[in-house]
Amino acid sequence: MTEGVRTRIAPAPSGSIHVGNARTALYNWLFARHHGGTFVLRVEDTDRKRATDEAYGAVLEDLRWLGLDWDEGPEVGGDLGPYRQSERLERYRSATSDLVERGAAYPCYCTPEELDERRKLAQAAGRPQGYDRQCRELSGEHRASYEADGRTHVVRFKVPDGRTVVFGDVVRGEISTQTSQIQDFVLMRSDGSPMYMLATTVDDALMNITHIIRGEDLISATPRQLLLREAMAVAGVPVFAHLPLLVDDRGKPLSKRWGDVAVSAYRDQGYLPEAMVNYLALLGWSYDDKTNIFSLDELVEHFGLERVARNPAAFDVNKLEWLNGHYIRQMTPEALAEALVPFCAAAGFEAGDDRGRAVLRDVSPLLVERLKRLDEAPPMVRFLFEDVSPDAKAATTIDGRADYLVEAAVRLEGLEKWATAAIEDALRTLAAERELKSKQAFQPIRAAVTGTLISPPLFESLEILGQQETVKRLRRAAA
RNA sequence: GGCCCGGUAGUCUAGUUGGCCGAGGACGCCGCCCUCUCAAGGCGGAGAUCACGGGUUCGAAUCCCGUCCGGGCUACCA
């Protein structure tokens with residue numbers, strides 16, 4: 001029973017995917033993987049206006065970055081393709097003409113303007129605002145005359161009267177709707193392109209999707225899809241699971257106005273895919289009452305629809321950051337160094353050459369426990385790549401300590417072995433001689449060498465910077 | 001307006017065959033310890049009248065009714 005599981009993610013190619021869609025993709029992927037099933041990627045690009053090639057590429061890139069590989073879909077193929085709706089137009093047309101032939105759908109010649117006008121009238125009169133079924137039973141002559149007038153038409157679905165559509169939602173239980181609540185919705189636009197309702201229903205049926213896991217916003221679309229499947233005589237009914245919405249910190253649906261909603265924005269700030277996946281998994285799903293950290297493999301092992309929450313979940317960057325810090329701490333120095341190269345470049349200095357990489361590898365152990373995002377690293381390591389001038393606070397700390405800094409330079413200059421322990425020893429000895437507290441002793445040096453009052457641990461940093469450069473900066477700060 | 005879905009601390013949640021919950025964990029927040037800064041780590045703390053009001057019951061976050069609030073759909077958007 002479970003081995004036949006087929007799930008899909010059907011994004012519109014409108015650029016880097018929304019984190020909400022990323023979560024939906026993740027849940028579909030996890031469910032398929034957990035059951036040893038098939039995960040299908042289908043691109044819903046019927047809205048030609050917005051579907052560009054770059055946007056399409058961004059979608060695939062995001063999914064790959066998250067580690068969600070698809071078994072069927074663009075670039076990998078599959079037996080039930082093509083997997084871009086723009087290449088499946090024939091199927092939608094033939095499904096539509098079948099429906100019309102069978103009397104389950106009909107052409108509607110009303111223009112948008114007429115519809116709009118009648119809708120307003122109905123609203124003013126307090127009548128239901130839906131389509132008034134004017135073209136539902138058009139005579140042959142009437143139809144011909146419309147055609148003769150050069151009117152175009154859409155195709156509408158003939159919603160049956162007096163029925164109750166019931167379906168079992170895995171996360172919400174039974175949901176039922178009276179067909180009187182459903183209008184004769186449009187299947188096919190007048191330009192011959194399919195509407196969402198038609199396209200997904202046809203594709204889900206043709207692609208044998210067994211479990212439809214999607215956002216709560218589509219819950220009221222479900223009865224229409226069920227009616228359509230029935231009219232198309234599709235055998236069997238998929239299992240539905242509607243996920244709670246993702247909202248912002250005010251409880252409003254996540255929108256571009258709130259903050260970053262695109263996966264790429266998080267990638268650019270230095271969030272790791274492991275953290276993103278872990279966080280997204282927990283936004284609306286839980287394993288037990290205490291586990292927070294999950295690798296992809298662990299998620300595959302534990303994930304199930306039974307423990308999906310019903311209430312909307314607020315996207316909390318704080319928790320994402322915490323998880324990200326956790327995963328950064330797990331990185332090896334080599335991996336961290338490699339990951340930081342592009343962030344340094346973005347910050348304006350090159351660390352991609354051999355020396356640069358070596359330096360990054362050396363600082364990584366110092367960085368690892370103080371980074372929450374990769375983009376926080378450049379400011380911390382910049383002093384290792386470029387000469388620095390003290391910021392305001394650092395300047396104040398240096399002020400009046402010239403004599404001390406020169407002495408520190410002298411001591412360090414005299415060191416035979418340039419290593420953390422020796423550096424620390426020399427500086428602590430000097431501090432003791434001058435009866436300085438650690439903080440008083442080391443902050444000026446930090447300020448002089450790194451240009452700021454906040455940096456990775458001092459002695460290790462000096463070792464990495466090098467004896468010559470350290471001494472040079474101390475002397476210059478004293479001047 | 002109609003229909004549908006939802007409502008446990010600032011946030012994610014555990015809990016849903018009623019008692020083990022005078023509500024558990026995590027993020028965040030506050031304090032202490034550690035400490036050369038910042039972190040990380042350890043320890044401790046504040047924070048929830050379980051949306052509200054009735055009811056059933058010896059006993060309700062958990063069951064019933066009503067109310068309020070939020071959201072979705074109601075498009076030739078998806």
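From a predicted model like this one, the values you see are computed outputs, not experimental measurements. Letters go in sequence order (proteins before strands), and every chain restarts at 1.
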Of the listed nucleotides ([options]), which one gets closest to any side-chain atom of [X]?
X: A:Gln443; options: B:C73, B:C76, B:C36; result: B:C36
X: A:Arg446; options: B:U11, B:U37, B:C73; result: B:U37
X: A:Ser220; options: B:G72, B:A26, B:U11; result: B:G72

Look through every strand shown and name the nucleotide pairing with [N] as Watson-Crick or G-U wobble, where both distances are under 3.5 Å.
N: B:A9; answer: none
N: B:C63; answer: B:G55
N: B:C3; answer: B:G72
N: B:C77; answer: none

query: B:A61 and B:G7: how far apart are their C1' atoms, nearest whole angstrom?
result: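 Nearest-Å result for B:A61 against B:G7 at atom C1': 12 Å.
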C1' spacing across the pair B:U37 / B:C21, given as an integer number of angstrom: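 Between the two C1' atoms, the distance is 44 Å.
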field: Whether A:Asp184 side chain and A:Val159 backbone form a donor-acceptor pair below 3.5 Å
entry: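 Between the backbone of A:Val159 and the side chain of A:Asp184 there is a qualifying donor-acceptor contact (under 3.5 Å).
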Determine, using ring centers only, whether [Y] and [X] are less than 6.0 Å apart.
X: A:Phe442; Y: A:Phe459; value: yes
X: A:His211; Y: A:Phe31; value: yes
X: A:Phe315; Y: A:Tyr279; value: yes

message: Looking at A:Tyr287, I want to see if its OH is surrounded by more than 12 non-hydrogen atoms of other residues, nucleotides or ligands under 6.0 Å.
response: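 Count not over threshold, so no.
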task: On RNA chain B, check which nucleotide each of A:Gln181 and A:Val154 is closest to and give me the residue with the more 5' one.
output: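 Closer to the 5' end of RNA chain B: A:Gln181.
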field: Along RNA chain B (nearest heavy atom to each residue), the more 5'-positioned of A:Lys439 and A:Arg119
entry: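 The residue closer to the strand's 5' end, by nearest nucleotide, is A:Lys439.
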query: What is the distance, rounded to the nearest whole Å, between atom CD of A:Glu369 and atom P of B:U35?
result: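 One finds 15 Å between P of B:U35 and CD of A:Glu369, rounded.
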Atom-to-atom span, CG of A:Leu246 to P of B:C12 - whole angstrom: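 Computing the A:Leu246:CG to B:C12:P distance gives 10 Å.
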query: Any side-chain N or O of A:Arg310 less than 4.0 Å from the OP1 or OP2 oxygen of B:U16?
result: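 No.
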field: Heavy-atom donor-acceptor pair, A:Ser190 side-chain to B:C76 base, under 3.5 Å
entry: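 Flag set: donor-acceptor pair detected.
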